[in-house]
Amino acid sequence: MADTKNIKVLLVEDNKDICEMYAATFMREGFTVYTAGDGKSAVEKFHNKKPDIVLLDIMLPEADGFSVLKTVRKQMNPYTPVVMLTNLDANHFEKHANFDEVDAYLVKSNYTPSEIVLKTIEILKVNKML
Amino acid sequence: MAQRFTKTGHKVAPKKRLMLGQKLTLRLPFLSHQKATPAPSSSLPETAEVLKKRVHELNVLYNIHAHTRMILPLKKVFEDVVKDLCLACRYPQGVEAHIHFDDQVYSSARSHKKLKYKISRPIIVRGHKRGSIEIGYHEKPLDGLIFTAEENRLITQLGEILSAHIESRETLERYGKVVAKSIHGVYILKGDEFRYVNPKLARIFGTTPDGLMYSSFSRFVPKCKCAKKLLKSPKLSSLECTEKARRSDGKWIDVQIVTQKIQYHSSQGVVGMVQDITRLKKAEEKLKTFNHELQAKVREKTKHLEEANRRLQSLNDLKDEFISVTSHELRSPLTNIRGYLSMLVEMSSREGLPYEAKNYLMKAYNSVQVLNYLVNNILDVSRIETGRLKLHKFRVDLPQLLQSVIDNMSFQANEKGISIRLENLIGKADPFVILDEVRIRQVVRNIVENAIKFSSQEGSILLTLKAKKTSRIIEIRDGGVGIPKNALELIFEKYSHVSTGKQNENGTGLGLFVSKKILEAHGGSIAVKSRLGKGTTFILTIPLK
C-alpha cells in the first residue's frame, strides 16, 4: 500500500473490541490511527489531530455521530471524507442527516475489517488522497 | 245555464220548455211575426195549415235543442229525439224514427223492423261516420207523397245537430275527465275568486267543489301572490311557488302551486295547479335529520378510525423501532464475531494453522456470514411490508461486485466441491452502474447461496454478466436439482419453500422475495428458468438509469 503511513485515520467507535479490531487492521496496513470512544473526544481529536479521513459510528456517548458529522462538515478546507461505520439502519440515518454529506455508509456487520480498510482506500483514491 | 236561442234567433226562457202535445201556438213570440205577414195568395185554412206545419217543425227543432243538453246522458238524448221526431211528421201514427249509433239502435217503436220507405242521414263525428238517423214507414202513405221537403230538411238538420252535439260532448267529457281525475288540484281564478275547481283541489283544501266555488283563493293560500303578479306583469306567463295553505279545517299544509295566465271570458284569468307536498316536505325533513344523524355517525366513526389508525401507526412505529433496535443490537456482537473470525482466517492463511483448525474456523466464519444475511433479510421484509425499502445508490463497479460476492462465498462452495466462476461478457461497455451496492450484493448472494444449496457435489455455478443498451443482465446458472414447473411461480412469494426431497434445504424463505423486491425497487426484474434435474438459471436485470 503506497503512502498509507501519511494517512491519519480518526476511528470513532464506542465498542472497545470493535475499535481495537479496526485499529489493528488499519495499523497493519500502515495507517496512522487515532481513536475516540465518544462524540465529544471525537470532535476534540478532529480539531487537534486533523485526520485525513473519519470513520464514524452513530450511537455514541456524550454527543452522537450526527453532531460530530456536523462539526466535520463545518470545516470546508481541507475537505475531510467521512465514512459512516455503524450497525444502524440507513433509514434511520436519513431521518437525521443527508447522504450527500458522507462519502460512504457501511453497516459494520456486513463487512470484515479488511473490507473496511479496502473501502477506505477506495474513498481516499476517489478523493485523490492516495 | 246560458240563454238559449231558437233557430230564428228569439230568446227563449230556459226553464219554460215546451212540452209535446201542449198547446203552444199562442205562446211563441215568432207566431206573432208569422201572423203579421201571412202569405198573400193563400186562403185562410191553407195558411193555417202551413203555419201549423211550420210551428210543428220549429217546435221539434226547439225540443231537439232542449234535449241535447250536456247534462243529460246520451242515451236519453237519443230516446227523446226519436220520440219527438215522429211527432214532427205528417203521419205520426205510422212513422218510425231510429238512431243507430255505435252499434246501438234507439227507436221510437218497440220493435224496430227495417223500414221500407225511409230517409236517412249520417251522424259524423270528427270525420268518421258513427251512426245514422232515419225516419220512415213500413207502408206507403195514402197520398203517395212519402216525405215532405220540410221533413227532409228537418232530418238533415237533425243529423248535423246530433253530429255536433256528440262531438262537443265527447270533447267535453275527455277534458272534463282529465281535469276531474287529475292528481293535481286544478282551478281557474277570476281576480281572487275561484271560477272553476276540480274535485282534487277541494280534497286538498278539505272541502267540496261547491264549498270552494266563488270563494277567495287567498283565504286558503294567503301568501301566494302569483296570480296578482301574473296579472300585473305583461311579460310573465307562468309562476311557481311553494307555500303554506290552510285547509278548511284550519290545518296547515304545504302546497306547490303552478300558475298560468289565461284568457277567461275575454278578460284575463289565471289557471293554477296545486300539489299537496306536505308528505314530501316531511320526508325531506326526515331525510335531512337522517342525513345529519348519518353525518354525525360518520364523523364519530371517522374519529374512531383515525384513532385506531393512530394507534396502529404508533404500533407500526414501535414495531419499526423494535426491529431497528433489535437488528442494531444483533449486529454489534455479529460485527465482533465476524471481525475477529475474519482476522483469524486471514492470520491462518498467513501463518498456517492445522487443517482441522482452519476448517473449523471457516465453518464458524461462514455461519456468521449466513447469520448476518438472515438478520438483513428479516429487516428488509419488515421494510418492504411498511413500504420503507429505500435505496442508497452509488456508482459501483459491477464486475468487481460480482467477483467479491464469489470470493466471499468460495469457502461455502469449496466445502461442497462446487466451483463458482464469473464470465464477464460486457466487453467495452461501462462496468459502472448506479445501484445500491449493499442491496445488489445481497441479491446476488441470496441467489448464489441457493445455487450452492441445491447443487450436487462437484457441481459448478456460472455467473454471466451481459451488457444491453439500457441495462445489465446477470445470469446465475447452476446444474442443480431444478425447480418443478408448478413451483416456479411461487418461489418469489414470501416464506415459500420448494421441496426437492433434499436435506439441508432449510431457510427463512425470504431470500428470493427480498431479492425480487430489491430489483423491482431498482426498476429491474428477476426471472427464472429451470428444468428438473438439469439446473436453474436466474436472470437479473438492472437498468442503467
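Residue numbering restarts at 1 for every chain, and letters A, B, ... go by the order of the sequence lines. Since this is a predicted model, take the numbers as computed values, not measurements.
For A:M21 against B:N336, the heavy-atom pair with the smallest separation is SD-O, 3.9 Å. Considering all non-hydrogen atoms of both residues, B:G339 and A:P113 come closest at CA-CD, 3.5 Å. The two residues A:I18 and B:S332 come nearest to each other via the heavy atoms CD1-O, 3.9 Å.
The shortest side-chain heavy-atom distance between A:N110 and B:Y373 does not fall under the 4.5 Å cut-off. For the pair A:M59 and B:H328, the minimum side-chain heavy-atom distance is below 4.5 Å. In this structure, the side chains of A:S109 and B:R338 stay at 4.5 Å or more apart for every pair of heavy atoms.
The parts of A:Y111 that come within reach of chain B are both its backbone and its side chain, each placing non-hydrogen atoms under 4.5 angstrom from that chain. If you measure heavy-atom distances from B:Y365 to chain A, the contacts under 4.5 Å come from the side chain alone. The contact between A:E122 and chain B is made entirely by side chain atoms (from C-beta outward), counting heavy-atom distances below 4.5 Å. With a threshold of 4.5 angstrom between heavy atoms, A:A24 approaches chain B through side-chain atoms but not through N, CA, C or O. If you measure heavy-atom distances from B:L330 to chain A, you find no contacts under 4.5 Å at all. Heavy atoms of B:E346 lying under 4.5 Å from chain A belong exclusively to its side chain.
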Exercise for review: Decide side-chain contact (heavy atoms from CB on, under 4.5 Å) for A:K119 and B:E437; before the verdict, give the C-alpha distance in whole Å, the side-chain angles of both, and the deciding distance to 0.1 Å.
Suggested key: CA-CA 12 Å; A:K119 284 270 167 200; B:E437 186 185 351; 2.9 Å; yes
Practice item. Please step through side chain to side chain donor-acceptor pair (under 3.5 Å) for the pair B:T335 and A:N87, ending with a clear verdict. Key: CA-CA 8 Å; B:T335 309; A:N87 271 329; 2.9 Å; yes
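Within a 6.0 Å sphere centred on OH of B:Y360, other residues, nucleotides and ligands contribute 12 heavy atoms or fewer. No more than 12 heavy-atom neighbours from other residues, nucleotides or ligands sit within 6.0 angstrom of NZ on A:K40. Within 6.0 Å of the NZ atom in B:K517, the count of heavy atoms belonging to other residues, nucleotides or ligands does not exceed 12. For B:F322, the CZ atom counts as loosely surrounded, since its 6.0 Å shell holds 12 or fewer non-hydrogen atoms of other residues, nucleotides or ligands. Annotation for B:K363: atom NZ does not count as buried by contact number, only 12 or fewer foreign heavy atoms lying within 6.0 Å.
Most heavy-atom pairs under 4.5 Å with chain B: of the set A:T112, A:D89, A:L88, A:I116, this distinction falls to A:D89.
The aromatic rings of B:H392 and A:F99 lie tilted to each other, with the angle between the two planes from 30° to 60°.
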